[in-house]
Protein chains: 2
Amino acid sequence: MRPVEELCQALRERGLKVTPQRRLIFEALRDGAEHPTAENIHHSVQEIMPDISLATIYHTLNDLVEMGEVMELDLGEGRSRYDPCTDDHCHLVCLGCRRVLDLPPTTDGIELAAENTVGWEIVRCEVVFYGYCPNCRA
Amino acid sequence: MRPVEELCQALRERGLKVTPQRRLIFEALRDGAEHPTAENIHHSVQEIMPDISLATIYHTLNDLVEMGEVMELDLGEGRSRYDPCTDDHCHLVCLGCRRVLDLPPTTDGIELAAENTVGWEIVRCEVVFYGYCPNCRA
DNA sequence: GTCACTGCAAATGCTTTGCATCTAG
DNA sequence: CTAGATGCAAAGCATTTGCAGTGAC
C-alpha cells in the first residue's frame, strides 16, 4: 500500500473523493495490525470518529482492492482480511489464536504453474500454511 | 474419499447412522463434478430424492469434513466447495468461468515451511492459482 | 452546483440452529 | 426403544444495497 497522500491522489485521479473517513481508514491500515478484518478497521477508526459506519469501511476497502492497493485474503474464517502488503508473499495462519504471519514467496510456485497450465493466463497464486504457533502448541 | 460402503462403515463406527440421504450424498460426491458446492450436491441428490433438505446436505458434509473424508475449500467465492480428493494437491481456479482444476502438489511448499516456521506445527498447506482458462481468455 | 460519499436500515446469500417428527440399529 | 437424523423455518453472520441527506471539489 502506498503512503496516505499518494492514495488520496490516486482516488482523485479516478474521480473519487477524499473524505475524512477514507483518510482515517488509510491510516488505520497503515498503522494497525497487519491482517485486519473490516470490523478491526471499523473499531480502530471509531476511536477517532465514533459514528463512522461499517458500510463505509466496506465501501472504501472494496475501492482499495479494486485499485490494487490492498489484497483481500480469504483464510477460511468466513470473513475477509485485508492485507496492505501487496507484494508476492505467503501466509501462515495459526489455527489456535488465528494469528496471521507473512512468509517469503515460494520461488517455484510460478514454475509449477508454468508446467501444468498451458494455455492459461495465471493472475496470482495464493499460498497459505495452517498450523499451530509455538504458544498454541501447548 | 473412500468407497461408499467404507464410508457407511466409518459412520457406524462413530455411532452415526447410515440413512438413504447420506448414501445419496456420498454417491453424488463420488460421481459428480469434482469441486461441488453444497447447492450443487443438493441439486444432484434432488433428482433422486426431491424432498431432501439443504440442511441435511450441510450436516452430512460437515460430518465428512470432520472425519477427514472430504476437504472444504474456500476459494474466495463466498461459499464453500467440497473436494472428495484429500490427497495433497493444488488448485487452479478460472476467474472467468469459475472452473476448478486439480494440480500436482508443490514439492517445496513443505520445505519453505520448514525453513521459516521454527517452533510451529504445520498442519496443511493450501496453494491456489487464480487465472483465466483458455476459453475465458478470449 | 454536481456528483460522489455517508449512515442507516433493510436486504442478500451462505450456513447453522431449534424443534417436532421420524427412523436406523 | 432410543439416540441420532430429517425437514422446515427461523436465526446468524458477513457483506451489499437502496435511499435520503451531506459534503468534496
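Below, chains carry the letters A, B, ... as their sequence lines are ordered, and counting in each starts from 1.
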Under 4.0 Å protein heavy-atom contacts per nucleotide of nucleotides 14-20 of chain C, with B for base, S for backbone only and - for none: SSBB---
Around A/H59, counting heavy atoms of other residues, nucleotides and ligands shown, do more than 12 lie under 6.0 Å from its NE2? no
Can you confirm whether B/H35 sits close enough to B/R99 that some side-chain heavy atom of one is under 4.5 Å from a side-chain heavy atom of the other? no
C/dT6 P sits how many Å from A/Q46 CD, rounded? 15 Å
Residue pairs involving residues 56-65 of chain A (criterion salt bridge (Lys or Arg N to Asp or Glu O under 4.0 Å); sequence neighbours excluded): A/R22-A/D63
Can a donor-acceptor pair be found, under 3.5 Å and without considering hydrogens, that links the side chain of A/T60 to the backbone of A/T56? yes
In residues 3-29 of chain A, which residues come under 4.0 Å of DNA chain C by heavy atom? A/G15, A/L16, A/K17, A/T19, A/Q21, A/R22
Under the ring-ring contact (aromatic ring centres under 6.0 Å, His included) test, residues paired with A/H43 that sit two or more places apart: none
Between A/D74 and B/G76, what is the shortest heavy-atom contact and its length? OD2-CA, 3.2 Å
Reading DNA chain D in the 5' to 3' direction, which nucleotide is the first one with an atom under 4.0 Å from a heavy atom of chain A, and which is the last? D/dA14 to D/dC25
Under the salt bridge (charged side-chain N to carboxylate O under 4.0 Å, His left out) test, residues paired with B/E72 that sit two or more places apart: none
Would you say the side chains of A/H89 and A/D83 form a donor-acceptor pair under 3.5 Å? yes
